[in-house]
Each structure stands twice: as C-alpha cells, then as structure tokens.
Amino acid sequence: MNVTVLTLFPEFFPSAVGASLLGKAVESGVLGFRTVQIRDFATDKHRRVDDAPFGGGSGMVMKPEPLVAALESVPRIDGQVRILFSPRGDRLTQPIVRELAGASELVLVCGRYEGVDQRVSRYVDRELSVGDFVLSGGEPAAIVLIDAVARLLPGFMGNEASTAEESFSEGLLEYPQYTRPVEFRGDVVPEVLLSGNHAHIRRWRRAQSLKATARRRPELLHGVALSPEDQYLLDEAGREAAGESQAE
C-alpha cells in the first residue's frame, strides 16, 4: 500500500513514520509513504493557503485552490481512497480501518487553521474524524490512521496472529496481559495463566475481555455476535459485580 499525505507541515512525519514497525514497513516496501507540500500549489507571490471566512468569524480558513490543486497532482489509480480529516467526518473505527487496509493507496488531506473550505469535500472520497476533540491540524490524525491501517498489512507484524487478539479486533476490549515476575509488590499473576491448561486460559481471557467491555465500553457489545457461552460469561460477570457491590 502507498500513503500520500497532503500537508503544510511535512516535517511532522519523518520521526513517526520512520520509527519502530512503521519505519521497518517503509524500509521493506510493505508501506510506501510520501508527503506533498500544499503551499507549493499556492499561486500568489505570498504563497497564501488561507483567507478570512465569508460571513465573518474568528480565525482563517484553508483556501480551496491550493488544496484541490495538490489533490489533483496525485494521479488517480484503482483502489485509491482520498480522505479529508474533519470533525464532521465518520468516527474512525476498527471496521473502517480494516476496509481502508484493502486500498491500493490512501491520500490523506490534513487541514489547518479553523478548517477547510467546504468545496474541497467534493474532491475527496470520504471524511474521517479520530475522535470528539480538537487538534491543531490533521497531521496527528493522519499518523493515527497510518499506524492503524499499516498493522493490518501482510508482512507488517512479526506475528500476524497478534492483530487478531488486540482490542477492537473482534469488537471487544482485549483481556489483561501479564509477564514475569509472577509476583510484583504483592500483586500476583492469575493462577489460570500459570496452569498450562490452554482451554481454561482461552475461556478466562474471553471472560475478561467480555467483562472489561461490559464495564468500560458497554456500547461495543451491541455490535458483537455473542455465543451462548459468551452470554453465560457476561451473566457470570454481572453476578460477580453485583456481589462485589453488596460486599461494599
């Protein structure tokens, strides 16, 4: 997969995209990455990419001409998806990440200032938001998306199976993880993880995943197909929680 980022701040990316697994993916060719400087497509002598909003208001708005020209400088190819980061966009979720991982190229448009001229939206395929909070620009959002998508590309992870057990991969939060030492400051690793009984371990992990999701992100359960055993484990977790509450 190739990723092209349209940005006013290309210097934002080298350290993030060049480090750790992302850096290895770029180096090995699993992920192609480049940036396009939007300001290079400004046509006036001051290379302006923003202007005051019509109708008044504070701040400045990114002009459509440089942005659209920058977009049009990237050749259209089959399987390409052009994305504008926007608070009005669909919230990024793991299903969307999986969908985008099948693209041949992602073209990511990073806005700045108070926003982007609305007419730019006609030249992208979709708008995305990484959450209900305010960023100074689309660059951090672009890095979040690149990292999330790259993890699903063949050859990116040393252990391909590990992505299947991470939080949100099946719509649930991940179970808790432990490593050595067995005891740390009085806190001991659950005995089931030391038993060597893989069936019991799988059941414990599934129960913990369901319990964590029910407690912290219950809305996620609405999108998960629960087996009869899952429902039993959830009911069991509910009974345990009720017992803990009564004990207090």
Side-chain angles (χ1 to χ4, degrees), residues 1-7 12-13 16-17 20-22 25 30-33 79-111 115-116 118 120-157 159-177 205-227 230-231 233-234 237:
M1 170 188 281
N2 292 317
V3 175
T4 298
V5 179
L6 279 56
T7 175
F12 197 96
F13 293 91
V17 178
S20 189
L21 290 175
L22 268 180
V30 170
L31 181 71
F33 178 81
Q80 182 189 85
V81 182
R82 300 186 172 198
I83 296 168
L84 171 66
F85 293 106
S86 166
R88 294 189 299 273
D90 297 324
R91 185 183 295 186
L92 184 64
T93 62
Q94 193 65 19
I96 291 177
V97 169
R98 281 196 293 268
E99 176 189 339
L100 295 176
S104 61
E105 181 181 26
L106 299 180
V107 181
L108 310 180
V109 182
C110 299
V116 172
Q118 178 62 32
V120 173
S121 64
R122 299 181 184 178
Y123 300 88
V124 298
D125 300 312
R126 69 187 308 169
E127 298 182 34
L128 289 177
S129 168
V130 295
D132 298 337
F133 48 85
V134 180
L135 296 171
S136 298
E139 288 79 10
I143 290 174
V144 167
L145 178 60
I146 293 166
D147 187 79
V149 169
R151 293 176 65 82
L152 301 184
L153 300 179
F156 182 86
M157 298 287 287
N159 179 5
E160 302 293 341
S162 64
T163 58
E165 297 182 354
E166 295 173 331
S167 290
F168 306 113
S169 61
E170 294 183 348
L172 301 173
L173 299 183
E174 191 179 12
Y175 50 79
Q177 298 275 18
R205 285 176 168 172
R206 184 68 175 178
Q208 294 301 309
S209 180
L210 289 163
K211 183 186 296 186
T213 304
R215 285 185 174 180
R216 301 184 180 187
R217 296 289 305 277
E219 74 279 6
L220 293 176
L221 292 171
H222 299 303
V224 178
L226 298 177
S227 69
D230 288 339
Q231 192 59 59
L233 291 172
L234 269 178

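In what follows, residues are counted from 1 in the order of the sequence shown.
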Open item on the list: Holding to ring-ring contact (aromatic ring centres under 6.0 Å, His included), I want the full list of residues that pass it with Phe33, two or more places apart in sequence or in another chain.
Closed with: Phe13
Task: 4.5 Å side-chain heavy-atom contact, Lys211 and Gln208 - done: yes
Open item on the list: I need the minimum non-hydrogen distance between Leu173 and Ala212, along with the two atoms involved.
Closed with: CD1-O, 3.7 Å
- [ ] Indicate yes or no for a side-chain donor-acceptor contact from Thr213 to the backbone of Pro218 under 3.5 Å, with no hydrogens or angles considered.
- [x] no
Open item on the list: Quick check: do Arg91 and Asp132 have side-chain heavy atoms less than 4.5 Å from each other?
Closed with: yes
Task: Test side chain to side chain contact (heavy atoms under 4.5 Å, CB included) applied to Leu226 and Leu210, step by step - done: CA-CA 10 Å; Leu226 298 177; Leu210 289 163; 3.9 Å; yes
TODO: Could you tell me whether the side chain of Val224 reaches within less than 4.5 Å of the side chain of Asp230, counting heavy atoms only?
DONE: no
Task: Closest approach of Ser86 to Ser129 (non-hydrogen atoms, all atoms of both residues) - done: O-CB, 3.2 Å
- [ ] Measure across Gln80 and Asp125 and return the closest heavy-atom pair with its distance rounded to 0.1 Å.
- [x] O-OD2, 3.8 Å
Open item on the list: Using side-chain heavy atoms (C-beta onward) and a distance below 4.5 Å, is Arg206 in contact with Leu172?
Closed with: yes
Task: Closest approach of Leu22 to Ala16 (non-hydrogen atoms, all atoms of both residues) - done: CD1-O, 3.9 Å
TODO: State, yes or no, whether a side-chain contact exists between Arg126 and Ile96 at a heavy-atom distance under 4.5 Å.
DONE: yes
Task: Exercise: identify the closest heavy-atom pair between Ala101 and Leu152 - done: CB-CB, 4.0 Å
- [ ] Evaluate the side-chain proximity of Met1 to Leu100: yes if any heavy-atom separation is below 4.5 Å, no if none is.
- [x] no
- [ ] Taking the side chain as every heavy atom from C-beta outward, state whether Val116 and Val109 have any atom pair closer than 4.5 Å.
- [x] no
Task: Euclidean distance, Leu84 CG relative to Arg122 CZ, rounded to 0.5 Å - done: 14.0 Å
Extract all donor-acceptor atom pairs below 3.5 Å that involve side chains of residues 136-148 and protein atoms in other chains or at least two apart in sequence.
from	atom 1	to	atom 2	distance (Å)
Glu139	OE1	Arg112	NE	3.0
Glu139	OE1	Arg112	NH2	2.9
Glu139	OE2	Thr7	OG1	2.6

Open item on the list: Quick check: closest heavy atoms across Pro154 and Val30, and the distance to 0.1 Å?
Closed with: O-CG1, 3.7 Å
Task: Derivation of the side chain to side chain contact (heavy atoms under 4.5 Å, CB included) call for Leu135 and Val130 - done: CA-CA 10 Å; Leu135 296 171; Val130 295; 4.2 Å; yes
Open item on the list: Can you tell me how far apart CG (Leu6) and CZ (Arg82) are? Round to the nearest 0.5 Å.
Closed with: 8.5 Å
Open item on the list: As an exercise, state the distance from CD of Gln118 to CZ of Arg88, rounded to the nearest 0.5 Å.
Closed with: 5.0 Å
